[in-house]
Amino acid sequence: GEALAVSARVAPLGSRLVLLLVEDLTEARRIEAVRRDFVANVSHELKTPTGALSLLSEAVMDASDDPEAVTRFAGRMQIEATRLTNLVQELIDLSRVQNDNPLEDAEPVRVDELVAEAIDRSRHSASTKQITMAAGGTADLHVWGNRGQLAAALGNLVENAVNYSPARTRVGISARRVAAPGGDLIEIAVTDQGIGISEKERERVFERFYRVDPARSRATGGTGLGLAIVKHVAASHGGEVTVWSSEGQGSTFTLRLPEAGAVRDRSSTGPDRV
Ligand code: ADP
């Protein structure tokens with residue numbers, strides 16, 4: 001189609017240029033398709049709770065002479081409203097991590113504080129399932145980056161570990177420094193004894209809105225955006241997130257981020273390490 005027509009027109013300019021142009025077009029199309037899919041997904045995800053809310057409000061009006069039914073419908077409306085709120089919040093978070101340059105407000109961030117904050121965020125859901133959370137090795141480690149974004153990323157990993165684990169299991173968070181050619185990295189690993197993720201799904205879970213089991217994700221208030229946010233934060237900080245998992249046994253998500261001292265040493269203008 002269009003790509004072929006372009007290549008025919010510029011063919012005399014040399015095959016390398018043609019190849020670049022064709023690749024550009026393909027990439028532009030891919031980006032456009034991803035954007036379209038994303039908009040379609042958002043619309044679909046918004047329609048589920050808003051549709052439910054509109055049906056439930058009708059049901060409440062019809063049941064005005066049955067207080068028990070009204071209470072029941074109102075309870076379900078609350079669940080749908082929470083779902084909608086979560087989704088909007090995660091969409092805002094995703095757009096923020098995609099649009100802001102996190103390194104503009106980068107600073108040395110204490111790993112023990114990040115971990116404590118993440119544990120705090122999931123304390124309530126962990127305690128209702130009697131899941132114990134334990135952290136180790138975090139003392140004296142500092143990563144380089146945007147505190148808010150890093151907290152959101154680690155918070156999502158811990159939240160998932162709790163959500164996708166059965167009752168009375170353990171979630172462990174450990175940190176350590178590892179040597180790397182470009183400067184030391186800090187590795188933060190979140191390990192659960194949960195349902196695990198099959199090899200086939202492991203790559204896909206980082207995609208926006210991808211869920212292994214949509215019903216289960218929705219039941220726990222999941223939006224399918226958490227790991228996309230984590231992946232984006234890791235990459236924009238010059239790090240990465242990886243997953244190891246054994247189905248039915250559990251998963252480990254590992255965040256690797258530049259160490260604060262290592263970054264400071266690379267650029268003489270950086271602020272002092274705290
Ligand atoms: P969600 O809001 O659905 O949790 P995420 O982007 O955080 O969205 O995760 C995507 C999917 O990856 C989840 O729906 C779940 O199927 C899977 N997943 C994420 N974390 C874990 C985990 N620790 N154990 C098992 N499955 C997980």
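As the structure is a prediction and not an experimental result, all values here were calculated from the model. Numbering of ligands and ligand atoms starts at 1, following listing order. Position 1 is the first residue of the sequence; numbering continues from there. Just so you know, these numbers use all the heavy atoms, side chains as well, and skip hydrogens, waters and symmetry mates.
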Inset, instruction - Would you please name every residue forming a side-chain hydrogen bond (donor to acceptor under 3.5 Å, both in side chains) with R35, sequence neighbours left out? - result: E32
Inset, instruction - Calculate, to the nearest 0.5 Å, the distance between atoms OG1 and CG belonging to T223 and L91 respectively. - result: 7.5 Å
Legend entry - Straight-line distance of L141 CG to L257 CG, nearest 0.5 Å: 11.5 Å
Legend entry - D192 N/O under 3.5 Å from ligand 1 N/O: yes
Legend entry - Result of checking L154, D93, V97 against V233 for side chain to side chain contact (heavy atoms under 4.5 Å, CB included): V97
Inset, instruction - Inspect the contact between E201 and R204 and indicate whether a charged nitrogen and a carboxylate oxygen are less than 4.0 angstrom apart. - result: no
Inset, instruction - Taking only heavy atoms of G226 into account, list the atoms of ligand 1 that are under 4.0 Å away from them. - result: 5 (P), 6 (O), 7 (O)
Legend entry - Ligand-side contact atoms (ligand 1) for residue partner Y210, heavy atom cut-off under 4.0 Å: 10 (C), 11 (C)
Inset, instruction - For T223, counting its heavy atoms only, list the atoms of ligand 1 lying under 4.0 Å from any of them. - result: 1 (P), 2 (O)
Inset, instruction - Show your working on side-chain hydrogen bond (donor to acceptor under 3.5 Å, both in side chains) between N41 and E45 and close with a plain yes or no. - result: CA-CA 6 Å; N41 277 328; E45 297 290 336; over 6 Å; no
Legend entry - Numbering as shown, the atoms of ligand 1 that approach S251 to under 4.0 Å (heavy-atom distance): 24 (N)
Inset, instruction - Quick one: look up the protein heavy atom nearest atom 16 (O) of ligand 1 and list residue, atom name and how far away it is. - result: V212 N, 3.1 Å
Legend entry - For S57 against M77, the heavy-atom pair lying closest together: CB-CE, 3.8 Å
Inset, instruction - Flag the pair E113 and R147 as a salt bridge only when some basic side-chain nitrogen lies within less than 4.0 angstrom of an acidic carboxylate oxygen. - result: yes
Inset, instruction - Could you list which atoms of ligand 1 come closer than 4.0 Å to a heavy atom of G196? - result: 25 (C)
Legend entry - Partner residues of E68 under the side-chain hydrogen bond (donor to acceptor under 3.5 Å, both in side chains) criterion, sequence neighbours left out: none
Inset, instruction - Could you tell me the separation between the CG atom of L94 and the CD1 atom of I229, rounded to the nearest 0.5 Å? - result: 5.0 Å
Legend entry - Nearest neighbour in protein (non-hydrogen) for atom 7 (O) of ligand 1: N160 ND2, 2.8 Å
Inset, instruction - Pick, from L225, V205, L87, the option with the minimum heavy-atom distance to atom 17 (C) of ligand 1. - result: V205
Inset, instruction - For atom 14 (O) of ligand 1, grab the closest protein heavy atom and report residue, atom and distance to one decimal in Å. - result: Y164 OH, 3.2 Å
Legend entry - ligand 1 versus I197: contacting region, heavy-atom distance under 4.0 Å: side chain
Inset, instruction - May I ask whether F253 places a heavy atom under 4.0 Å from ligand 1? - result: yes
Inset, instruction - Just need the protein heavy atom nearest to atom 3 (O) of ligand 1, so name the residue and atom and give the distance. - result: S217 OG, 2.6 Å
Legend entry - atom 6 (O) of ligand 1 - nearest protein heavy atom and its distance: L227 N, 2.8 Å
Inset, instruction - Please confirm whether G224 comes under 4.0 Å of ligand 1, counting heavy atoms of the residue only. - result: yes
Inset, instruction - May I ask you to check whether G222 has an N/O atom sitting below 3.5 Å from an N/O atom of ligand 1? - result: no
